[in-house]
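Report on the structure given below.
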Amino acid sequence: MPEGHTLHRLARQLDERFAGRPVAVSSPQGRFEAGAALVDGRRLDEVSAYGKHLLASFGDYVVHVHLGLYGQVSEGHAPAPAPWGALRMRWTNEDWWSDLRGATACEVVTHDEAAAIVARLGPDPLARRPDGARAWRRISRSRAPIGVLLMDQSVIAGVGNVYRAEVLFRQRRSPFDEGRTLSEEEWQLLWADIVGLMRDGVRRGWIVTTRAEDRRRGRVRGEDAHYVYRRAGLACRICGTPVAASVMAARNLFWCPTCQRP
DNA sequence: GCAAAATGTCAAG
DNA sequence: TTGACCTTTTGCA
């Protein structure tokens with residue numbers, strides 16, 4: 001499900017399967033009918049991801065997709081199954097099919113508009129050469145809580161609610177600490193952890209944030225993927241304190257009040 | 001059978 | 001800060 005790792009993985013897969021030849025594009029649900037007609041049958045140049053945005057270029061047109069909270073892609077070998085549910089966009093070629101549902105954004109834009117979307121975003125931890133220094137310039141000057149800054153896509157592009165909660169726990173950092181209270185060294189550790197976790201997320205296709213070391217010590221079981229995310233009221237895996245929850249930046253926030261003291 | 005929740009964002013007030 | 005929106009899945013009757 002959709003944080004930055006999902007989009008990068010998806011972009012890579014769509015690019016491998018569809019780029020370089022014509023794609024049949026349709027919108028069985030009808031909501032993307034006009035857009036689909038613009039690109040249907042055109043050759044797909046490439047698919048790329050920036051933060052949580054997906055951009056697929058068909059000549060002068062770019063299909064821009066943002067999965068939002070519930071957007072989902074299903075895919076497989078041709079032939080495509082009969083459409084079901086609210087199928088916003090379907091791609092097919094001789095070998096593959098790919099279905100998009102529930103996206104917040106699925107639209108045809110120009111290359112200029114696509115560039116403007118990317119320009120609004122902060123550095124992407126999943127970029128080939130991640131630019132943590134650019135995010136640091138914002139964070140080191142900000143009085144906003146680090147739990148808010150991590151979710152701000154103009155500060156860092158691609159981090160979502162799971163990575164926010166988990167990376168702050170891993171760094172023993174309170175979500176309520178102001179950005180400017182972090183030292184540069186603490187920031188570098190935090191950023192490196194984000195980059196590492198998200199790359200791992202792309203590889204696996206899902207988010208695992210628990211450390212191998214904690215597995216060995218029996219603090220987490222093999223299948224436990226998270227330290228605090230969605231564990232409100234349960235014992236912290238490290239210290240046993242009940243995991244706290246509240247809302248920050250309009251999303252549920254989870255943290256351990258003992259391990260992550262302000 | 002229906003309500004609630006879900007890894008997100010934007011606009012209105 | 002709140003509500004609206006997109007859709008599917010899960011949990012409780």
Side-chain angles (χ1 to χ4, degrees), chain A residues 1-11 27-33 35-36 49-55 63-75 81 83-90 98-107 109 113-114 116-122 124-126 144-145 147-170 175-176 193-195 197-210 224-234 243 245-255:
Chain A
M1 318 282 144
E3 296 194 27
H5 70 296
T6 304
L7 278 297
H8 280 263
R9 185 182 174 89
L10 182 59
S27 180
Q29 172 204 49
R31 283 192 51 173
F32 183 59
E33 211 159 25
Y50 298 89
K52 298 171 189 168
H53 297 258
L54 185 89
L55 298 171
V63 174
H64 168 227
V65 171
H66 193 296
L67 294 178
L69 196 48
Y70 342 102
Q72 213 179 326
V73 170
S74 40
E75 36 74 31
W84 76 90
L87 177 48
R88 185 83 58 84
M89 177 171 75
R90 166 170 281 183
S98 181
D99 286 355
L100 173 70
R101 305 181 149 72
T104 290
C106 176
E107 55 179 357
V109 299
E113 288 166 333
I117 290 166
V118 174
R120 294 198 315 258
L121 301 172
D124 185 341
L126 291 172
V148 168
L149 292 166
L150 290 183
M151 294 285 277
D152 183 338
Q153 300 298 296
S154 72
V155 175
I156 301 175
V159 169
N161 207 24
V162 179
Y163 285 123
R164 163 174 77 169
E166 294 292 300
V167 83
L168 288 174
F169 179 85
R170 285 165 57 98
F176 301 93
D193 207 18
I194 291 170
V195 171
L197 284 176
M198 291 186 71
R199 283 181 175 165
D200 181 71
V202 174
R203 243 173 275 130
R204 295 175 190 265
W206 67 91
I207 302 175
V208 173
T209 57
T210 48
D224 288 337
H226 309 312
Y227 286 108
V228 291
Y229 178 71
R230 293 244 274 156
R231 297 194 68 245
L234 300 176
V243 172
S246 72
V247 172
M248 179 186 279
R251 312 305 314 285
N252 292 320
L253 171 71
F254 306 90
W255 78 100

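- Among the atoms of the strands shown, none is found under 4.0 Å from any heavy atom of A/Glu166.
- Taking only side-chain atoms of A/Ala250, from C-beta outward, the nucleotide of C/dT7, B/dT7, C/dT2 with the closest atom is C/dT2.
- For A/His66 and B/dT9, the shortest distance from a side-chain N or O to OP1 or OP2 is below 4.0 Å.
- Among the nucleotides C/dT7, B/dG8, B/dT7, the one closest to the side chain of A/Arg31 is C/dT7.
- Nucleotides B/dA4 and C/dA4 are separated by 15 Å at their P atoms, to the nearest Å.
- Between A/His53 and A/His64, the ring planes are parallel. Angles under 30° get that label, and only those over 60° would be called perpendicular.
- No option in A/Tyr229, A/Phe254, A/Phe169 other than A/Phe254 meets the side-chain contact (heavy atoms from CB on, under 4.5 Å) test with A/Val243.
- Whole-Å rounding puts the A/Arg231 CZ to B/dA6 C1' distance at 19 Å.
- Across every non-hydrogen atom of A/Ala157 and A/Leu121, the tightest pair is CB-CB, 3.9 Å.
- Side-chain proximity of A/Arg101 to C/dT8, B/dG8, B/dA6: nearest is C/dT8.
- A sub-4.0 Å separation between OP1 or OP2 of B/dT7 and a side-chain N or O of A/Lys52 is absent.
- In this model, the phosphate group of B/dC10 is approached by a side-chain N or O of A/Arg120 to a distance below 4.0 Å at OP1 or OP2.
- Contact between the side-chain N/O atoms of A/Arg230 and the OP1/OP2 oxygens of B/dA6 is found at a separation under 4.0 Å.
- Across C/dT8 and B/dC10, the matching P atoms stand 23 Å from one another, rounded to whole Å.
- When the P atom of C/dG3 is taken as reference, atom CZ of A/Arg251 falls 16 Å away, rounded to whole Å.
- Note: CD (A/Gln72) to C1' (C/dT7) measures 9 Å, nearest angstrom.
- Regarding contacts with the backbone of B/dT9, a side-chain N or O of A/Gln153 is found under 4.0 angstrom from either OP1 or OP2.
- When the shell of 6.0 Å around CD of A/Glu33 is examined, it contains 12 or fewer heavy atoms from other residues, nucleotides or ligands.
- The separation between A/Leu67 atom CG and B/dG8 atom P is 10 Å, rounded to whole Å.
- As rounded to whole Å, 6 Å separates atom P of B/dA6 from atom OH of A/Tyr229.
- For A/His53 and A/Asn252, each mapped to the nucleotide of DNA chain B holding its nearest heavy atom, the one lying further toward the 5' end belongs to A/Asn252.
- In the model, A/Gln29 has a side-chain atom that pairs as donor or acceptor with a side-chain atom of A/Arg88 under 3.5 Å.
- Residue A/Arg204 contributes atom CZ, which lies 16 Å from atom C1' of B/dT7 at whole-angstrom precision.
- Taking the P atoms as reference points, C/dG3 lies 15 Å from B/dA5, given to the whole Å.
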Open item on the list: side-chain contact (heavy atoms from CB on, under 4.5 Å) for A/Arg101 and A/Leu87? Distances and angles first, verdict last.
Closed with: CA-CA 5 Å; A/Arg101 305 181 149 72; A/Leu87 177 48; 4.1 Å; yes

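- The separation between A/Leu10 atom CG and B/dT7 atom P is 19 Å, rounded to whole Å.
- Rounding to whole angstrom units, CG of residue A/Leu69 and C1' of B/dC10 are separated by 14 Å.
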